[in-house]
Amino acid sequence: MADGSLSDAFVEFERVQKSYDGETLVVKDLNLAMPKGEFLTMLGPSGSGKTTCLMMLAGFETATHGDIRLGGVSINNIPPHKRGIGMVFQNYALFPHMTIAENLSFPLEVRKMGKSEREDKVKHALDMVEMGAFGGRRPSQLSGGQQQRVALARALVFEPELVLMDEPLGALDKQLREKMQFEITDLAHRLGITVVYVTHDQTEALTMSDRVAVFDDGRIQQLAPPDTLYEEPENSFVAQFIGENNTLEGVIKEIRGGTCLVQLDDGDLIDAKPVNVTAVGERTRVSIRPERVEFNKDRLSPDAHLLKATVKEFIYMGDIFRTRLSVAGNDDFIIKTRNAPDQVRLKPGQEIEIGWLAEDCRALDA
Amino acid sequence: MSDATAPDGSVLAADGTPLKRSLARSLRLQKTRALLLVAPLLIFVLVSFIIPIGAMLFRSVENSQVADTLPLTVAALQDWSPEAGTLPEEPVYAAFVTDMIAAVEAKEHTKLGTRLNYEQTGMSSLFRKSGRRIKRLDTESGAPLKDQLIAVDKKWGDVETWATIKTHSVRYTNGYFLNAIDMQRTPEGAAVQPEDKRILLKLFGRTLWMSLAITCSCILLGYPIAWLLANLPARKANLLLILVLLPFWTSLLVRTSAWKVLLQQQGVINDILVWLGMLSDDGRLIMINNQTGTIIAMTHILLPFMILPMYSVMQTIAPSYLRAAKSMGATNWTAFWRVYFPQSVPGIGAGSILVFILAIGYYITPEIVGGTKGVFISNRIAYHISSSLNWGLAAALGAILLAVVLILYWAYDKIVGIDNVKLG
Ligand SMILES: Nc1ncnc2c1ncn2[C@@H]1O[C@H](COP(=O)(O)OP(=O)(O)O)[C@@H](O)[C@H]1O
Ligand SMILES: [Mg+2]
């Protein structure tokens, strides 16, 4: 599971717990270590405690138990305004009664910086997000995307080493969001800042981050780089949450080295890779990505186990075909195939046989 | 294009009529229906609000009593001027007697006396006395009526009496307004009242500054409460809101009287202070029947009108603004003063306008706890309406009060901008 230890950690959560009401733990046991310069995303469904973690780091909530360290120093007793952490809020929190330039100037003013230096920095920060011409406007006179850029510039203008962002792109439309995703990562890497980014959008998490921490139920379910997360989910939750995924349920029949044999609930046998199952007879939920399912027998090993499937629906999506099958009692089994000239287009009602490589099918906890 | 166009360039509808006219026709039905729906309210507002206020304001300049009751006298006085210092000639007296006989018949002469008594004391009794004897005068023999009338009351031989009648014989007068600002209408034009009669300007001034003091203390007391309301968890906030609204459910009279019990010299607060040893028994504070009493009681009564608009504005200020400010390095105080407070100003503005305007016209509370030093201009208006029955002066005072409020409103709009005011 998520490992908290790292020798040169910049941000560290150690055994952190948080409860708002004294009855339930919102954050159960958080261990996390980030090196300087990392772009880490907290990903998880709504209510999983991501914002709470961010607020504890920023100092707006206190941890009920455990230690939070920044640069090796425990910050539990340092008030928020002395932590020097930049923040971008979901609704941007741009001060409506100040102009854009005054908004950016605010963190510099409270640091008692001289006027000319302030103006230089504000200009530089606005140029950095391509908003140089908008310094005299009010936040309400800007579009959502522009406000987003200003909020970013404001969080960076006082040159914090750590920047926290809580669903900063949540209010933007898809196209703008993709553009801003790129700009934020680009900026973060250029400036070498450490970023903790919160989102519930897995695509955003996968495309932007160096590492992703998947949150559920107040715990980190898996902390890994995006490719590992997608290809090697460590438990059912992560497999379900990241990307599209087919699941079948059954019992472990046999574990042999790197593979295991699973007997599905309707009696069929399949090959899988044991991930967090240990014993024969244990119930398991196997997980297989739609694009890893194969129905061309030539591409499968001769001794692979095959399953009978009935085509329920064929959806043409342009670049890919998406086919819904009924497999082993599961009517929602999806396969995806690339739209290539020689690709077969399945028809509803057609009976086929499907299979996969054992390492693509992961036997996880039930 | 399929749109038909008339020779003059206007667009035609499908049946050939100009589009504008056909649109107007189709909208007319809608408008009529909408008008019918609001008609009851419109009529109600007209009958119960606009007409009475208009009538009241009209009374502040209307002055036909003299001209209506003594038409011949007024005409005869035309050529007479009080400056010369001589009494009017016989024709004026003759005209007056004729008018007076008619007035007595119609029982109008006492009203006239009352009206003129506002301007010169003694007029009321003069008219009543003359009314009783006017029929006994000898109008047949041709004996000079001038002498006969002076024999009835020697005031008729006084230039001043006739000057007063002439001065106030105009149908529309500025006299009430002059009275309202401690001046009077004289034959020579506007002049200040004698020292001992000048009280209204002082009362206006006091009303304004006390309303301001009440508004300020409402801001000071209301701001923290509104802040709590907006920031406490919903359940506690609701309880607090009920406490804030509780006074609305108790009679105004009861609340004001409660302050009398608390504030008087033998009252609860003084008793406690004496008991605590902070006051000596003969050094008890005088907190009632003066300005202090009025300010305290009215602050309490008007506080909800300050808290509610503030609260509704503060509710819209997201907590993330304060957090953002603090994350950027601002201390609690800086974050509040530079970020939260400016955003709450529209609430303060709305509350202040509301409280100030309510305070400036308040009547019951100053009447009960204000004594003589703590009363407002509205108490004076009430006095003229129900006791002295000088409705013209009351109307003029009311009109001035209305004008002051409108001017302040206008000034506020210039300085702060009325768009910045949020009442909810
Ligand atoms: N200020 C608060 N008081 C009480 N409960 C809270 C508070 N903030 C969040 N919670 C609860 O904590 C849980 C986690 O919330 P949050 O950290 O906001 O999740 P996320 O950001 O992942 O959606 C939720 O169940 C939420 O209701
Ligand atoms: Mg959240």
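Just so we're on the same page: letters track the sequence lines, and every chain starts at 1.
- Atoms CE and CD1, from B:Met328 and A:Ile85 in turn, are 13.5 Å apart once rounded to the nearest 0.5 Å.
- Among all heavy-atom pairs drawn from A:Arg154 and B:Ala324, the shortest one is NH2-CB, 3.6 Å.
- The neighbour count for B:Phe49 CZ, taken as heavy atoms of other residues, nucleotides or ligands under 6.0 Å away, does not exceed 12.
- Using a 4.5 Å heavy-atom cutoff, the side chains of A:Asn91 and B:Ser320 are in contact.
- Atom OH of B:Tyr409 has 12 or fewer heavy atoms from other residues, nucleotides or ligands within 6.0 Å.
- By the 6.0 Å contact criterion, NE2 on A:His189 is enclosed, its count of non-hydrogen atoms from other residues, nucleotides or ligands being greater than 12.
- Neither the backbone nor the side chain of A:Leu164 comes within contact range of chain B; no heavy atoms are under 4.5 Å apart.
- Ranked by heavy-atom pairs shorter than 4.5 Å toward chain A, the options B:Thr334, B:Asn332, B:Thr331 are led by B:Thr331.
- If you measure heavy-atom distances from A:Phe89 to chain B, the contacts under 4.5 Å come from the side chain alone.
- Under a 3.5 Å cut-off, the side chain of B:Arg323 and the backbone N or O of A:Ala58 do not form any donor-acceptor pair.
- Side-chain contact between A:Phe106 and B:Val339 is present, with at least one heavy-atom pair separated by less than 4.5 Å.
- With a 4.5 angstrom heavy-atom cutoff, A:Gln90 does not touch chain B via any of its atoms.
- Looking at every heavy atom in both residues, A:Phe158 comes nearest to B:Ser327 through CZ-O, 3.7 Å.
- B:Arg338 approaches A:His97 most closely through the heavy-atom pair O-NE2, 2.8 Å.
- The distance from atom CD of B:Gln343 to atom CZ of A:Phe95, rounded to the nearest 0.5 Å, is 8.0 Å.
- In this structure, no portion of A:Arg83 lies under 4.5 Å from any heavy atom of chain B.
- Between A:Pro96 and B:Tyr321 the shortest heavy-atom distance is CD-CE2, 3.7 Å.
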